[in-house]
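Written out below as structure tokens is the structure these notes cover.
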Amino acid sequence: MSDNAGITKHRLVRITHFDTPPLLGNKSIHPTGKKLTIPEVYGDAAVPNPDLIKTHFFTEDRLDEALALRLIHDASEILRAEPNVLTLPSDITVAGDIHGQFYDLLTILRTGGPHFLFLGDYVDRGSFGIECILYLFALKISSPTLHFLLRGNHESRHLTEYFSFKRECVVKYSESVYDACMNAFDTLPLAAVINEQFLCIHAGLSPELRLVDDLNNLQRFKEISSDGLMCDILWSDPVPEFGHELAPYFYSHNRARGCSYNYSYYAVEEFLRRNKLLGIIRGHEVQNAGFKVYKSKQADSYPLLISIFSAPQYLDVYNNKAAVLNYANGKIHIRQFNSAEHPFWLPNFTDAFTWSYPYIVKKVREIILVILSICSEEELEESDQASRRRRAVERRKRVFSLKMRAMEKFIEHCKGLEHNLPHKDFLTLDYFPSLADDALFDKIEVIDANASQKAESVLVKTKSLPADLRLLDTSRSSNEPGTAAIIQPSKSLVNFLTGDAGDAEESRS
Ligand SMILES: [Mn+2]
């Protein structure tokens with residue numbers, strides 16, 4: 001942050017706040033369920049109407065698959081024809097990572113214009129990656145000289161499979177739409193030079209990058225490689241001590257990313273000098289303030305490096321602001337903005353039932369353990385002293401072994417469930433012995449009421465788990481066998497019914 005402190009006084013860099021408009025206001029979002037079609041969005045024109053798509057996505061509605069594929073195809077045809085390095089004029093707004101935050105993308109588009117350059121990382125992490133990319137593609141098709149899209153490291157098969165975008169595509173559309181997106185991502189340009197002054201690129205420099213023109217020699221229409229020039233410009237970061245290096249070194253291994261390099265102030269300074277440029281504008285790293293302005297060569301010159309990050313409240317957990325950078329009339333204007341309200345999705349686009357399975361399994365398992373605890377070895381030993389209870393003990397042992405078998409079966413099932421969600425059989429609760437087949441749980445009730453004087457309370461299943469669990473107080477009901485009273489629920493039952501916040505938090509991360 002120290003680099004940003006005082007930068008507001010910079011002659012060439014101005015920082016202001018952009019008020020995020022209340023996108024939702026008091027309105028709540030209700031998807032209509034209607035899917036937009038090609039005739040509706042394209043009409044008689046050769047290009048789509050992006051506003052229709054925007055308002056449709058705003059209510060979480062979707063496109064007809066043919067329309068989605070058409071947008072992806074049409075955009076990639078335009079992108080394919082663009083060079084690796086775009087040459088762009090001044091008066092342009094540059095946005096950093098968006099990461100599936102569609103409702104914040106709408107804010108970005110309100111901050112400036114009409115020219116926009118996006119530095120990549122449109123998808124993954126946030127829940128609206130497909131909306132971001134389809135809307136940006138619609139803008140690219142309808143006004144290709146106003147909207148420019150560069151590739152980020154997340155625009156790859158490797159990362160979208162590992163993170164959320166592939167699953168999002170399959171849940172909201174299909175694998176064909178995902179594959180089409182991947183092929184379109186291969187066509188995205190790699191860099192841009194604004195006004196022959198600033199190199200704009202997703203991540204930064206590479207030891208293999210001597211001249212900007214080296215980028216034009218790359219064959220870019222492919223998956224991002226795990227090393228080399230194309231990898232570095234989409235993966236590298238400045239060294240943490242950028243501008244304060246103790247020795248003039250250029251590159252070091254990028255340990256945080258596990259690939260590519262960290263570049264130093266000296267690497268940037270030399271690169272800019274060799275290419276007669278003034279600065280580098282890049283995204284790729286979350287910033288508390290939405291941007292980071294690095295060291296200038298002289299007090300009155302442009303910063304050598306600026307990071308821009310345009311996903312506010314990143315992942316819904318970082319408390320970061322976002323920013324866009326406008327460059328016009330020789331001045332850099334950074335506009336910070338806060339996050340917009342957005343609809344909620346469960347992690348990994350799961351439905352509520354699938355998402356709940358592990359918690360239900362865990363709690364039911366605890367409840368069964370409580371049931372088992374009424375038959376401790378000590379109790380059995382004590383009962384053994386009285387011969388008149390011997391038969392009851394035998395019954396208990398039999399019940400205990402039945403319960404152990406049920407328990408083993410249940411734990412086996414849980415293991416399968418945890419490793420292979422969703423497991424629809426769980427909903428049927430097949431593995432519990434039913435009353436008709438086996439009077440197991442009825443027996444527990446009888447035995448507890450008659451014999452378990454020491455037990456303060458027992459948990460007895462009378463019909464089916466978990467809805468009909470009853471907690472019975474045997475000390476109160478021992479005079480009237482079989483007419484047990486319901487008393488305060490056990491801790492496990494409370495946790496099961498209300499959800500144990502601590503456990504849930506731990507499992508969700
Ligand atoms: Mn990135």
Side-chain angles (χ1 to χ4, degrees), residues 84 94-102 104-105 108 116-130 132-133 136 148-166 168 181-182 184-192 199-206 209 215 218 220 222-240 242 253-263 268 280-292 294 305-318 320-325:
N84 287 1
V94 183
D97 302 25
I98 294 167
H99 282 304
Q101 299 188 195
F102 175 74
D104 298 311
L105 169 61
I108 293 172
F116 284 97
L117 170 65
F118 294 88
L119 299 177
D121 279 10
Y122 311 101
V123 300
D124 280 337
R125 308 286 201 172
S127 304
F128 307 96
I130 189 68
C132 287
I133 205 67
L136 285 169
F148 296 93
L149 307 173
L150 301 184
R151 193 169 189 175
N153 60 322
H154 278 266
E155 277 68 62
S156 70
R157 290 158 190 84
H158 186 68
L159 284 203
T160 50
E161 259 174 41
Y162 182 81
F163 289 95
S164 54
F165 184 61
K166 181 169 188 180
E168 183 190 347
C181 283
M182 291 307 110
F185 289 168
D186 287 344
T187 65
L188 287 163
L190 303 175
L199 174 70
C200 301
I201 202 159
H202 180 68
L205 296 184
S206 162
L209 185 63
L215 295 171
L218 276 172
R220 78 172 197 262
K222 59 176 187 185
E223 173 73 353
I224 300 165
S225 46
S226 57
D227 56 14
L229 179 54
M230 188 157 155
C231 165
D232 292 341
I233 58 168
L234 303 181
W235 275 100
S236 61
D237 293 303
V239 295
F242 191 94
H253 175 62
N254 193 333
R255 247 183 248 140
R257 305 277 181 185
C259 70
S260 192
Y261 298 90
N262 289 108
Y263 45 91
V268 173
I280 296 174
I281 300 167
R282 47 88 69 170
H284 195 44
E285 280 182 297
V286 61
Q287 306 292 344
N288 269 343
F291 68 95
K292 185 164 183 175
Y294 294 80
L305 181 68
I306 298 177
S307 288
I308 283 285
F309 194 80
S310 305
Q313 194 75 15
Y314 183 43
L315 295 168
D316 284 328
V317 293
Y318 284 71
N320 66 298
K321 287 188 176 194
V324 293
L325 180 154

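Since we're looking at a predicted model, the values are computed, not measured. Residue numbers start at 1 and run along the sequence shown. As the structure lists them, so they are numbered: ligands from 1, and atoms in each ligand from 1.
Between His99 and Tyr314, the two ring planes are tilted [angle within 30° to 60°].
Comment: Arg257 does not engage Asp232 in a salt bridge, judged by the lack of any side-chain N to carboxylate O separation of less than 4.0 angstrom. Looking at Asp186 and Arg151, a side-chain N of the basic residue comes within less than 4.0 Å of a carboxylate O on the acidic one, giving a salt bridge.
Atom OD2 is the N, O or S atom of Asp121 at the shortest distance from the Mn ion (ligand 1). The atom of His202 that is an N, O or S and sits closest to the Mn ion (ligand 1) is NE2.
At least one N, O or S atom of His284, from either the backbone or the side chain, sits less than 2.8 Å from the Mn ion (ligand 1).
Looking at Asp97, Asp124, Thr160 one by one, the single match for side-chain hydrogen bond (donor to acceptor under 3.5 Å, both in side chains) with His154 turns out to be Asp124.
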